[in-house]
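Since the structure comes first, as structure tokens, the remarks are kept for the end.
Values below: every heavy atom of this structure, side chains too, minus hydrogens, waters and symmetry copies. Predicted model, so just to flag it, every value in this text is computed and none were measured.
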Amino acid sequence: MPKLPGVSHRRAVKAFEKAGFWVVREGKHISMTNGDRIITIPRADPVNAFTIGGIIKDAGMTIEEFKKLL
């Protein structure tokens with residue numbers, strides 16, 4: 001798995017919005033969907049690299065695709 005530094009939740013939300021996701025609910029976590037998949041991003045700066053890797057996988061993306069959207 002390629003190296004992925006921890007990213008802030010704001011940057012992650014913007015990257016997922018570019019990929020076609022939109023915010024459904026905000027609270028201690030941010031829930032996003034693309035109509036097919038639902039992902040949950042914790043409000044943390046930075047979001048742990050291991051955690052963001054799992055979120056990217058749940059979104060059906062690769063780390064390389066996500067890095068291009070950052």
Ile39-Val24 co-clustered via ILVMFWY side chain contacts under 4.5 Å: no

Counting only pairs under 3.5 Å, give me each side-chain donor-acceptor contact of residues 45-62, with atom names and distances, residues two or more places apart or in other chains.
| unit_1 | atom_1 | unit_2 | atom_2 | d |
| --- | --- | --- | --- | --- |
| Asp45 | OD1 | His9 | N | 3.4 |
| Asp45 | OD1 | His9 | ND1 | 3.3 |
| Asp45 | OD2 | Arg10 | NH1 | 3.3 |
| Asn48 | OD1 | Phe50 | N | 2.8 |
| Thr62 | OG1 | Glu65 | N | 3.2 |

Any ring-ring contact (aromatic ring centres under 6.0 Å, His included) pairs touching residues 15-38, not counting sequence neighbours?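 Found Phe16-Phe21, Phe16-Phe66.
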
So, for Ala15 and Leu69, which heavy atoms are closest and what is the spacing to 0.1 Å?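 Heavy-atom minimum between the residues: O-CD1, 3.5 Å.
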
Enumerate the residue pairs fulfilling side chain to side chain donor-acceptor pair (under 3.5 Å) with a member in residues 31-44, sequence neighbours excluded, ordered by first and then second residue. Glu26-Arg43

Of all residues at least two apart in sequence or in a different chain, which pass the salt bridge (charged side-chain N to carboxylate O under 4.0 Å, His left out) check with Glu17? none

In the hydrophobic clustering (ILVMFWY, side-chain contacts below 4.5 Å, transitive), which residues join Ile38, or is it alone?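 Members besides Ile38: none; it forms no cluster.
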
